[in-house]
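As the structure is a prediction and not an experimental result, all values here were calculated from the model.
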Amino acid sequence: MTQIFYRTTQPNDMKTNRRDFLRQSSLFAAGALVLPSLSAKGRLFPPASPMKPGLQIYSVRNQLRDGFEPVMKKVADIGYKYIEGYGLGTDGQFLGSIAPGHFKQVIADLGMELKATHCSYAEAKEAGKMVDAAAETGMEYLIIPYTPDNLRPNADGWKKVAENFNKIGEMCKSAGLKFGYHNHAFEFEPLDGIIPQELLVEATDPGLVCFEADLFWVTKGGYDPVKLLKKFPGRFPLLHVKESDEEGEETTIGDGIIDFKTIFETGRKDVVEYYFVEDERTEDPYMHIKDDYDYVSSAPFMN
């Protein structure tokens, strides 16, 4: 899918050098004190629990064509503990042909946990098999990752999308799941006097719909991720950790302009529960997700 890239400027202190960061990691790790915090709505949240590195397996999408099991083995060998799937269709199958039980079992047998999956966009009346499949795996989150162009020509279109999300959220809640939406850059482009992402948050029931902030796309949309988390406390329990260089292209986590430290410090005072690395570069993806893992597993604020 073609995306509009926005050049965003960041303070110089955001450009963390990987080697400098790793040298300083142990200093930060030694004495982090985590205290309970209150959201803007006055809800008391418990101290932040330890996080484990997660991977959105779209990162290895081309390799998955050659077999699900061997690819998941390589992901586990790198060290990832949590998995976010993708490709759950309205027929209730993963990646076109994998049954929910098998999908979960392969991941579990490798010592990893399936926490969430991306699924097809669907109207609530067509989403039943997706919800049932997600519930069958025992995962926690069902995430729609994209809104088709024809559904979002104007603000009214986005309002209808929000209504649909509330309905799917109710279905998920009844099935013991949490439902969410993952952004790209277009949700932050002004339209009819609104910011679509802000409309989605404000027009959905916080008890039924949550959001997964893709930090790469938030940045490309010209929106500050820290501002997003502060503006909508309690609504972003999931993060996609993906890095941008100064030219708006993907790069290895820790080598770009995104201030992950401040983002995580802000998010963990709220309700951020899981993060998933996503690296969409197709050349040597195993090398990329290994380099990404080396950063996130060493970053004290991500663990």
Side-chain angles (χ1 to χ4, degrees), residues 3-11 13-16 18 21 48 51-59 80 82 84 86 115-116 118 141 143-146 180-189 195-198 200-201 210-281 288-289 291-303:
Q3 300 293 338
I4 300 175
F5 282 81
Y6 289 82
R7 172 75 176 273
T8 58
T9 57
Q10 301 286 340
D13 60 3
M14 286 185 176
K15 302 174 184 177
T16 303
R18 175 182 298 272
F21 170 79
M51 288 186 174
K52 297 179 182 179
L55 180 72
Q56 164 51 255
I57 61 172
Y58 186 74
S59 305
Y80 287 99
Y82 293 155
E84 182 179 54
Y86 81 99
K115 294 296 185 181
H118 285 188
Y141 289 91
I143 307 293
I144 285 181
Y146 185 83
Y181 179 72
H182 160 283
N183 65 273
H184 287 79
F186 56 77
E187 290 90 349
F188 298 94
E189 299 169 15
I195 302 295
Q197 180 66 57
E198 294 183 345
L200 286 176
V201 179
C210 65
F211 295 88
E212 180 175 56
D214 186 305
L215 303 175
F216 175 90
W217 289 118
V218 174
T219 302
K220 295 303 167 288
Y223 206 103
D224 179 0
V226 173
K227 174 186 173 183
L228 184 68
L229 296 176
K230 288 182 176 180
K231 186 176 179 68
F232 300 109
R235 300 304 301 276
F236 288 87
L238 306 178
L239 300 178
H240 262 198
V241 176
K242 186 191 308 180
E243 182 68 278
S244 173
D245 65 19
E246 292 182 335
E247 303 304 319
E249 299 293 336
E250 277 198 59
T251 188
T252 300
I253 296 169
D255 287 349
I257 63 171
I258 297 180
D259 183 7
F260 293 110
K261 184 175 186 293
T262 301
I263 291 168
F264 269 77
E265 288 175 347
T266 301
R268 298 199 71 181
K269 290 177 182 177
D270 190 32
V271 297
V272 171
E273 187 174 9
Y274 302 117
Y275 69 88
F276 302 100
V277 167
E278 184 178 47
D279 197 317
E280 297 191 45
R281 295 175 292 176
H288 292 318
I289 65 172
D291 289 344
D292 294 332
Y293 175 83
D294 288 345
Y295 181 89
V296 301
S297 63
S298 299
F301 49 86
M302 290 185 183
N303 296 279

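Proximity of a side-chain donor or acceptor of R235 to a complementary backbone N or O of F211 within less than 3.5 Å is not detected. Counting only distance, with no hydrogens or angles, the side chain of D292 and the backbone of T252 share no donor-acceptor pair below 3.5 Å. Under the 3.5 Å distance criterion, the side-chain polar atoms of E187 are matched with a main-chain donor or acceptor of H184. A donor-acceptor distance shorter than 3.5 angstrom exists from the side chain of N303 to the backbone of A299, with no hydrogens or angles considered.
Proximity of the aromatic rings of Y82 and Y274 is defined here by a centroid distance below 6.0 angstrom, and this criterion is met. Ring centroids of Y58 and F276 are separated by 6.0 Å or more, keeping the two rings apart. For H118 and H240, the distance between ring centers is under 6.0 angstrom.
Ring planes of Y275 and F264: perpendicular class, angle over 60° (limits at 30 and 60°).
Taking 4.0 Å as the cut-off between side-chain N and carboxylate O, K242 and D279 do not count as a salt-bridged pair. Taking 4.0 Å as the cut-off between side-chain N and carboxylate O, K261 and E265 count as a salt-bridged pair.
Looking at heavy atoms from C-beta onward, D255 lies out of side-chain contact with Y295 at the 4.5 angstrom threshold. Contact annotation: the side chain of I257 never approaches that of D245 to less than 4.5 Å [non-hydrogen atoms, C-beta and beyond]. Side-chain contact between F260 and M302 is present, with at least one heavy-atom pair separated by less than 4.5 Å. Contact of the L238 side chain with the V272 side chain is not registered, since no non-hydrogen atoms from C-beta on lie closer than 4.5 Å.
Here the CD1-CG distance, from I195 to L200, works out to 11.5 Å after rounding to the nearest 0.5 Å. For the atom pair L215 CG and S244 OG, the distance stands at 11.0 Å (nearest 0.5 Å). Put simply, OG1 on T219 and CG on D224 are 8.0 Å apart, with the number rounded to the nearest 0.5 Å. With rounding to the nearest 0.5 Å, the separation of NZ in K220 from CG in D214 is 9.5 Å.
Listed here is the closest heavy atom pair of F232 and D270: O-OD2, 4.4 Å. I258 approaches E243 most closely through the heavy-atom pair N-OE1, 3.1 Å. Across all their heavy atoms, V226 and T262 have their closest contact at CG2-CG2, 3.7 Å. Residues Y146 and F186 share a closest heavy-atom pair of CE1-CE2, 3.3 Å. Minimum heavy-atom separation, P225 to I263: CB-CD1, 3.7 Å. Taking each heavy atom of F188 and G221 in turn, the nearest pair found is CB-O, 3.7 Å.
With no hydrogens or angles considered, a side-chain donor-acceptor pair links Q56 and E84 at under 3.5 Å. Checked by atom type, the side-chain pair Y181/Q197 shows no donor-acceptor distance below 3.5 Å. Side-chain contact of R281 with S59: a donor-acceptor pair under 3.5 Å is absent, judged by distance alone.
With sequence neighbours left out, S297 forms a side chain to side chain donor-acceptor pair (under 3.5 Å) with no residue at all.
Cation-pi geometry between K227 and Y223 is met: the NZ or CZ atom falls under 6.0 Å from the ring centre, inside 45° of the normal.
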Audit row: E198, K231, side chain to side chain contact (heavy atoms under 4.5 Å, CB included) steps and yes/no:
CA-CA 9 Å; E198 294 183 345; K231 186 176 179 68; 3.4 Å; yes

Kindly determine whether E278 and F216 satisfy side chain to side chain contact (heavy atoms under 4.5 Å, CB included), including the steps that lead there.
CA-CA 9 Å; E278 184 178 47; F216 175 90; over 6 Å; no

Would V201 and F236 count as a side chain to side chain contact (heavy atoms under 4.5 Å, CB included) if you check the C-alpha gap in whole Å, the side-chain angles of each, and the deciding distance to 0.1 Å?
CA-CA 10 Å; V201 179; F236 288 87; 4.3 Å; yes

